[in-house]
Engineer: 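The structure is given below, and queries will be raised subsequently.
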Amino acid sequence: MTEFWLISAPGEKTCQQTWDKMMVVTTRTNNLSTNNKFNIPDLKVGTLDVLVGLSDELAKLDTFVESVVKKVAQYMADVLEDSRDKVQENLLANGVDLVTYITRFQWDMAKYPIKQSLKNISEIISKQATQIDNDLKARASAYNNLKGNLQNLERKNAGSLLTRSLADIVKKEDFVLDSEYLITMLVVVPKTSYAEWQKTYETLAEMVVPRSTKLLFEDNDSGLFSVTLFRKAVDDFKHKARENKFTVRDFQYNEEEMKADKEEMTRLSTDKKKQFGPLVRWLKVNFSEAFIAWIHIKALRVFVESVLRYGLPVNFQAMLLQPNKKNMKKLREVVLTVRLASMDIPGLNLSQQEYYPYVYYKIDCNLLDFKV
């Protein structure tokens, strides 16, 4: 994706002349940028006091809405998990990619009626962005809880034999059940110690049933063995097994519990799949809404700052420059030649970090904190 400079310069005799001049110095002679006109409609100017106040409010709103746009984009990447390469194709504005939307920007009269005051339009955008932000928090919280519970269960069913759930490994016939005297125990034995286990398990305690061990399952490092002994020898057996680096797993065969675990996992997995589609659709729709709102704020800011800088009647040309990365410094220099005189209003606080004698805002379309 890419970076744009949204700038405005005062109209000469006509705005077209300003545009032509900019095209000559940036594109025709130097190939420093790709330029597009940025169409801002005839908005209601209002009073100077209102414009000065709005200038600050819009700066804060710009930052907030940009953060909402980035949060929705980032959460889309989180939800798509293994399909992160598909993120960019889902981040659209009004059905087109972001560069196309910005370079062909048209004010949305239905959403943001220009008969309304600038303050009202900014309030419409603020409410809309706040609603998206709140909805995102609620939806993300519900989906993350579900995902977290499922991951915990999955972790229980994976990992090493020392910690993982044994429910999907053992069967009823592996155990002596309902015996007053006998019990079947499960022991994790390192692969390098199989011979040692076979040689010693019968003598680790008194009352171990001879030839009762059986290998039930193996992973990369260990094997899970069953062994049957008398209940009264359990403590002694555990102690001796530990001394020999064999790990006795605390496990009681309980069909009901194991069935409940499996059902819970199936339920969570089904719920996650059911929620995935609608969540991705919501994220796509609301990313588009938030991004459109964000670019309309940029348009409002350009309008307000241009009126404050260049005065009335409204006469400025808004332009979108897509800088050629290698020539950014040179582009800065030549843009200054189009607009050298500064017409700032005394007392207006323009302590921006980046200050130029023309109206300038950066639009960065790199919305994700990782490279796709």
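Computed from a prediction, not measured in an experiment: that's the story for all the values here.
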Engineer: Do Ser226 and Asp174 pair up side chain to side chain, a donor and an acceptor below 3.5 Å, judged on atom types alone?
Structural biologist: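 Asp174 and Ser226 do not have a side-chain donor-acceptor pair below 3.5 Å.
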Engineer: Under a 4.0 Å N-O cut-off, is there an ion pair linking Lys111 with Glu289?
Structural biologist: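 Between Glu289 and Lys111 there is a salt bridge, with a charged N closer than 4.0 Å to a carboxylate O.
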Engineer: Enter the distance from Trp107:CH2 to Phe38:CZ here, rounded to the nearest 0.5 Å.
Structural biologist: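 Reported to 0.5 Å precision, the distance equals 9.0 Å.
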Engineer: Using a strict cut-off of less than 4.0 Å between a Lys/Arg side-chain nitrogen and an Asp/Glu carboxylate oxygen, indicate whether Lys240 and Asp235 qualify as a salt bridge.
Structural biologist: no
Engineer: Once rounded to the nearest 0.5 Å, what's the spacing between atom CG of Asn36 and atom CD1 of Ile102?
Structural biologist: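 Going from the CG atom of Asn36 to the CD1 atom of Ile102 covers 10.5 Å.
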Engineer: Do any N or O atoms from the side chain of Asn244 and from the backbone of Phe246 form a donor-acceptor pair under 3.5 angstrom?
Structural biologist: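 A pair under 3.5 Å: no.
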Engineer: Check this for me, if you would: do Lys272 and Glu81 make a salt bridge, where the nitrogen-to-carboxylate-oxygen distance has to be below 4.0 angstrom?
Structural biologist: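 Looking at Lys272 and Glu81, the cut-off is met.
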Engineer: Are Glu305 and Ser55 linked by a side-chain donor-acceptor pair shorter than 3.5 Å?
Structural biologist: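 Side-chain D/A pair, Glu305 to Ser55: present.
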Engineer: Looking only at side chains, do Thr100 and Asp97 share a donor and an acceptor under 3.5 Å apart?
Structural biologist: yes
Engineer: Does Arg139 pair with Asp135 as a salt bridge, N-O distance under 4.0 Å?
Structural biologist: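 No.
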Engineer: Will you find, in the side chains of Ser160 and Asp221, an N or O donor that is under 3.5 Å from an N or O acceptor?
Structural biologist: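 Distance-only check fails for Ser160 and Asp221.
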Engineer: Let's go through Asn324 and Ser33 carefully: what are the C-alpha distance in whole Å and the side-chain angles of both, what is the deciding distance for side chain to side chain donor-acceptor pair (under 3.5 Å) to 0.1 Å, and is it a yes or a no?
Structural biologist: CA-CA 5 Å; Asn324 181 334; Ser33 62; over 6 Å; no
Engineer: Is a side-chain donor-acceptor pair under 3.5 Å present for Gln16 with Lys21?
Structural biologist: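 The criterion, which ignores hydrogens and geometry beyond distance, is not satisfied for Gln16 and Lys21.
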Engineer: I'd like to know if Lys119 pairs up with Glu57 as an ion pair, taking the criterion as any Lys NZ or Arg NE/NH1/NH2 lying under 4.0 Å from an Asp or Glu carboxylate oxygen.
Structural biologist: yes
Engineer: Between Arg249 and Arg164 (side chain of the first, backbone of the second, donor and acceptor by atom type, cut-off under 3.5 Å), is there such a pair?
Structural biologist: yes
Engineer: When you measure from the side chain of Ser179 to the backbone of Val176, do you find a donor-acceptor pair of N or O atoms at a distance under 3.5 Å?
Structural biologist: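 Such a contact is absent between Ser179 side chain and Val176 backbone.
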Engineer: Give a yes/no verdict on a cation-pi contact between Arg332 and Tyr360, requiring under 6.0 Å between NZ or CZ and the six-membered ring centre and an angle within 45° of the axis.
Structural biologist: yes
Engineer: Mind checking whether Tyr101 and Phe105 have parallel, tilted or perpendicular rings, split at 30° and 60°?
Structural biologist: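 Ring orientation of Tyr101 relative to Phe105: perpendicular.
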Engineer: Does Glu66 pair with Lys70 as a salt bridge, N-O distance under 4.0 Å?
Structural biologist: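 The answer is yes: the pair qualifies as a salt bridge.
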